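Chain A is the first sequence line, chain B the second, and so forth, proteins listed ahead of strands; every chain is numbered from 1. Just so it is clear, the model here is predicted, and its values are computed rather than measured.
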Amino acid sequence: MAQTNASPPSDFIREIIDEHLRSDRFQGRVATRFPPEPNGYLHIGHAKSVCLNFGIAAHYGGTCNLRMDDTDPSGESLEYVESIINDVRWLGFDWGDRLFFASDYFERLFQFAVQLIKAGKAYVCSLSADEIREQRGTLTEPGKESPYRNRPIEENLHLFERMRAGQFEDGAHVLRAKIDMASPNITMRDPVLYRIKRAAHYRTGTTWCIYPMYDFAHCLSDSIEKITHSICTLEFENNRPLYDWILDQLNVDCHPQQIEFARLNLSYTVLSKRRLIELVTKGYVTGWDDPRMPTLAGMRRRGYTPEAIRTFCARIGVAKNENLVDISLLEHCVREDLNEQAPRVMGVLRPLRVVIDNYPEGQREEFECPNHPQNPSMGVRRVPFSRVLYIDREDFQKNPPKKYYRLAPGREVRLRYSYIIKCVRMVEDTKTGEVIEVHCTYDPETRNGPPSDGHKVDGVIHWVSADHSVPAEVRLYDRLFPVADPMTKEDDFLKYLNPKSLETLSSCRVERGLLGAGPGSRYQFERLGYFCVDSVDSSEKALVFNRIVTLRDTWAKISEKEKR
RNA sequence: UGGGGUGUCGUCAAGCGGUAAGACACAGGUCUUUGGAACCUGGACUCGGAGGUUCGAAUCCUCCCACCCCAGCCA
């Protein structure tokens, strides 16, 4: 079971469970379940629920089932089932042999429905969908009772069997619970329990043409699996009376407690399956696993670690408040984990040629560089140095602004793990004025320490040897939306898509040692951020890196402030 | 104007009648061959508002206000 180094979580749900344990409500058992509908990929919001459900099971020594809530064949598929299984496992959780499908319960659910009909608690209604809607009433007015409400039990039974047998058109009849059309809770106004739907189910094929609704299937699936705590999101609060009503009428031996918590909202992105599907199908992203997506598949490809996501889920807490969690917390958790795990390496994103004039042509030497300055056990690597190097364009300025202490004409800078160099000349493009090459001299004394006269050189920049580095493509990702809450913009959230959410740099140079880096492996490019070998597009011949997250950039803040 | 929920720092979130945890973000600083990391420091004179109970209230009571959810044969 996955471990998280965060402080032991406690929340109102665990308090409720503690109380149940004290009162022996469930004979000391704790059984939860994570019940996704396989009609889309899991996202970070689901991760919160996964961590909660599996976390609680682990905390109390109970169990957590993985259950596909596949009661509506339209939109569900095996691809989604497989992705969900893969994602939950990747997140670090284990459900043993307890992978279940609501669709496996179809026969039993049907029998429960028959039982309900026999008890006079459900009836076949032959109103159209429109008529049912019209008669449901409004928020302030009660609904009208269906003319079919008092059909004899035998007739209901017969009709329901015929519904199952496929003797009616889609929508001709539905099975409804007989509760209270005047209930102030609209959910209780004779809710539909079964509908006729001639759609092939990805698992049951055409065996069924009637399918149970969520309210009917969910509580009974929970009961069948002997779940004790059925944890769901706030929007199901109104459904709890129905959840309880169905289980009460059927007199089942296991009646779980439904508990609702607030779903996660994350700033600068969207976390609704419908919106994510839209981004995918309309081609705004390359797929469910596009590294910009808040899906687990996307985050995995981007390079986020499961540990970081689990820590994040622990830190955001669980409560009933509507929330919009700042994405910087997620990024913080990712940096925190990667800072410890990721080996350091040097890479130049936008190369600027640097010639060390006083370094002998054809000479080459190697520096031993620690893979992690704070963790010697991660070892060292040898990085070649020569007369011609590349540095990042950002690390040289013709007219340096205040407080800039990188390379500039006449200035000195430390090449990380190497010499101090001084800029003596620059070559500009005669037409554009762009600096295309910088000439420096190096001080051979400074290989392992300060200059002999002891003067300070503040700037440290990263570099690679021109002849001893390898090319790479690097993909820089920015938030998908420039506004904190694109959802408040409702229907036209697509208008707020950040057109610059992906920037591809194709002429980067990285240490040659990276050539053997396996897909998915993560590194810190010193001073830049954390990068991950793309698992889809990278190859031995053509390295492709995804920028997972930048390092905290104090200089960006300073220069931003200076500009103002 | 029915019902169900929720309101504590910019954002999350503890707090459960004894005098406002923590995290992220932010702002200062120390240190530093990553302007990284680490480490220090600062911040709610107050808990949606107003009354009330109490020696004492974010916690209990009353009223008010704001926001979210519900009128799919989706989940």
Side-chain angles (χ1 to χ4, degrees), chain A residues 6-7 10-11 15 35-37 39 69 71-72 74-75 125 127-130 132-134 136-143 170-171 173-176 182-189 191-197 210-211 213-215 217-218 232-241 260 262 264 267 273-274 312 314-333 335-336 339-340 344 346 373-374 403-406 414-418 420 446 448-450 457-462 484 524-529 550-559:
Chain A
S7 56
S10 182
D11 51 67
E15 283 180 13
E37 184 188 9
N39 67 347
D69 206 0
T71 58
D72 178 5
S74 51
C125 180
L127 254 23
S128 70
D130 285 343
I132 287 179
R133 187 181 321 117
E134 283 161 22
R136 189 150 27 221
T138 68
L139 296 180
T140 52
E141 300 158 326
D170 285 14
H173 309 279
V174 290
L175 184 72
R176 289 229 255 170
S183 172
N185 179 351
I186 294 175
T187 307
M188 299 297 273
R189 318 239 262 232
V192 172
L193 266 24
Y194 266 90
R195 73 284 212 185
I196 302 173
K197 194 166 197 163
I210 60 171
Y211 293 96
M213 299 288 291
Y214 165 84
D215 287 305
H218 204 90
C232 63
T233 44
L234 248 27
E235 66 268 27
F236 291 102
E237 217 148 17
N238 293 321
N239 300 53
R240 176 151 36 97
E260 311 85 10
L264 168 69
S267 63
K273 228 182 255 183
R274 192 187 148 272
F312 170 75
R315 295 226 179 128
I316 57 177
V318 181
K320 298 187 76 159
N321 306 333
E322 282 295 332
N323 58 75
L324 180 62
V325 175
D326 197 328
I327 197 160
S328 66
L329 177 59
L330 211 210
E331 293 170 344
H332 167 82
C333 293
R335 282 193 194 101
E336 187 179 53
N339 177 46
E340 240 174 80
R344 272 58 175 175
M346 288 194 282
Q374 273 75 49
K403 295 186 181 174
Y404 183 86
Y405 51 82
R406 274 113 99 151
R414 159 81 66 182
L415 293 177
R416 170 129 254 225
Y417 298 130
S418 169
I420 289 172
T446 56
N448 283 313
V457 175
D458 278 331
V460 179
I461 66 174
H462 55 93
Q524 184 195 98
F525 287 8
E526 292 219 40
R527 302 207 312 130
L528 296 177
T550 61
L551 252 29
R552 259 186 71 228
D553 192 349
T554 310
W555 165 244
K557 275 176 200 160
I558 295 170
S559 61

Could you check whether A/G529 gets within reach of a base, just the sugar-phosphate, or nothing at all, counting any heavy atom under 4.0 Å? nothing

Does a side-chain N or O from A/T71 land closer than 4.0 Å to OP1 or OP2 of B/rA75, or not? yes

Let's see if you can work this out: which of B/rC73, B/rC24, B/rG5 has an atom nearest to the side-chain heavy atoms of A/K320? B/rG5

Sugar-phosphate, base or nothing in reach of A/N448, heavy atoms under 4.0 Å: base

Remember a base hit wins even if backbone is also touched, and classify A/L127 as base, sugar-phosphate or nothing at under 4.0 Å, heavy atoms. base

For atom C1', what is the distance between B/rG2 and B/rG52, given to the nearest Å? 30 Å

Rounding to the closest angstrom, what is the interatomic distance between B/rA44 and B/rA58 at atom C1'? 12 Å

Say we look at B/rA25 and B/rU19: how far apart would their C1' atoms be, to the nearest angstrom? 29 Å

Hey, does the side chain of A/S183 reach the backbone of A/N185 with a donor-acceptor pair shorter than 3.5 angstrom? yes

Using OP1 and OP2 only, check whether a side-chain N or O of A/R195 sits under 4.0 Å from B/rC74. yes

Taking only N and O in the side chain of A/R133, is any of them less than 4.0 Å away from OP1 or OP2 of B/rC73? no

Which whole number of Å gives the distance between the C1' atom of B/rU6 and that of B/rU41? 35 Å

Could you work out the separation of B/rG7 and B/rC73 based on their C1' atoms and round it to a whole Å? 37 Å

For A/L324, which contact category applies under a 4.0 Å heavy-atom criterion: base, sugar-phosphate, or nothing? sugar-phosphate

Closest listed nucleotide, where the reference is the side chain of A/E15 and the choices are B/rG4, B/rC70, B/rC16: B/rC16

Base-pairing assignment for B/rA50 (Watson-Crick or G-U wobble, both under 3.5 Å): B/rU62

Whole-Å P distance, B/rU8 and B/rC60: 15 Å

Please report the distance separating the C1' of B/rC74 from the corresponding atom of B/rC9, rounded so that it comes out in whole Å. 39 Å

Sub-3.5 Å donor-acceptor pair from the side chain of A/R344 to the main-chain atoms of A/E526, do we have one? no

Short side-chain N/O contact to B/rC26 OP1/OP2 from A/K557, under 4.0 Å: yes

Assigned glycosidic conformation for B/rC45 [threshold 90° from 0]: syn

Picking from B/rG2, B/rA23, B/rA75, the nucleotide nearest the side-chain atoms of A/L329 would be B/rA23

For every nucleotide of nucleotides 34-39 of chain B, 5' to 3': is a protein heavy atom under 4.0 Å from its base (B), only from its sugar-phosphate (S), or from neither (-)? BBBS--

Go through B/rC70, B/rG10, B/rA14 for me and flag the one nearest to the A/D326 side chain. B/rG10

Could you tell me how far B/rC24 sits from B/rA38 if I compare only their P atoms? Round to whole Å. 9 Å

When all nucleic acid strands are considered with a 4.0 Å heavy-atom cut-off, which category describes A/N238: base, sugar-phosphate, or nothing? base

Measure from the side chain of A/E322, starting at C-beta and using heavy atoms only, and say which of B/rC73, B/rC68, B/rA75 lies closest. B/rC68

Under 4.0 Å, counting only non-hydrogen atoms across every strand here, what does A/A129 touch: a base, just sugar-phosphate, or nothing? base

Just to be sure I understand the rule, does A/V457 reach a base, reach only the sugar-phosphate, or reach nothing, if contact means heavy atoms closer than 4.0 Å? nothing

What is the glycosidic conformation of B/rG52: syn, defined as within 90° of 0, or anti? anti

Just checking A/V174: base, sugar-phosphate only, or nothing, at a heavy-atom cut-off of under 4.0 Å? base

Would you please say whether a donor-acceptor pair under 3.5 Å links the side chains of A/S328 and A/D326? yes

Students often get this wrong, so: under 4.0 angstrom with heavy atoms, is A/F236 touching a base, only sugar-phosphate, or nothing? base

Using Watson-Crick or G-U wobble geometry with both distances below 3.5 Å, tell me the partner of B/rG18, or none. B/rC55

Check: A/R414 and A/T446 side chains under 4.5 Å, non-hydrogen atoms: yes

If you compare every side-chain N and O of A/K197 against the phosphate oxygens of B/rC74 (OP1, OP2), does one of them come in below 4.0 Å? yes

Going by atom types alone, do A/S128 and A/D130 pair a side-chain donor with an acceptor below 3.5 Å? no

Does B/rC67 have a Watson-Crick or wobble partner in any strand here, with both distances under 3.5 angstrom, and which is it? B/rG5

So what does A/S328 touch, heavy atoms closer than 4.0 Å: a base, only the sugar-phosphate, or nothing? sugar-phosphate

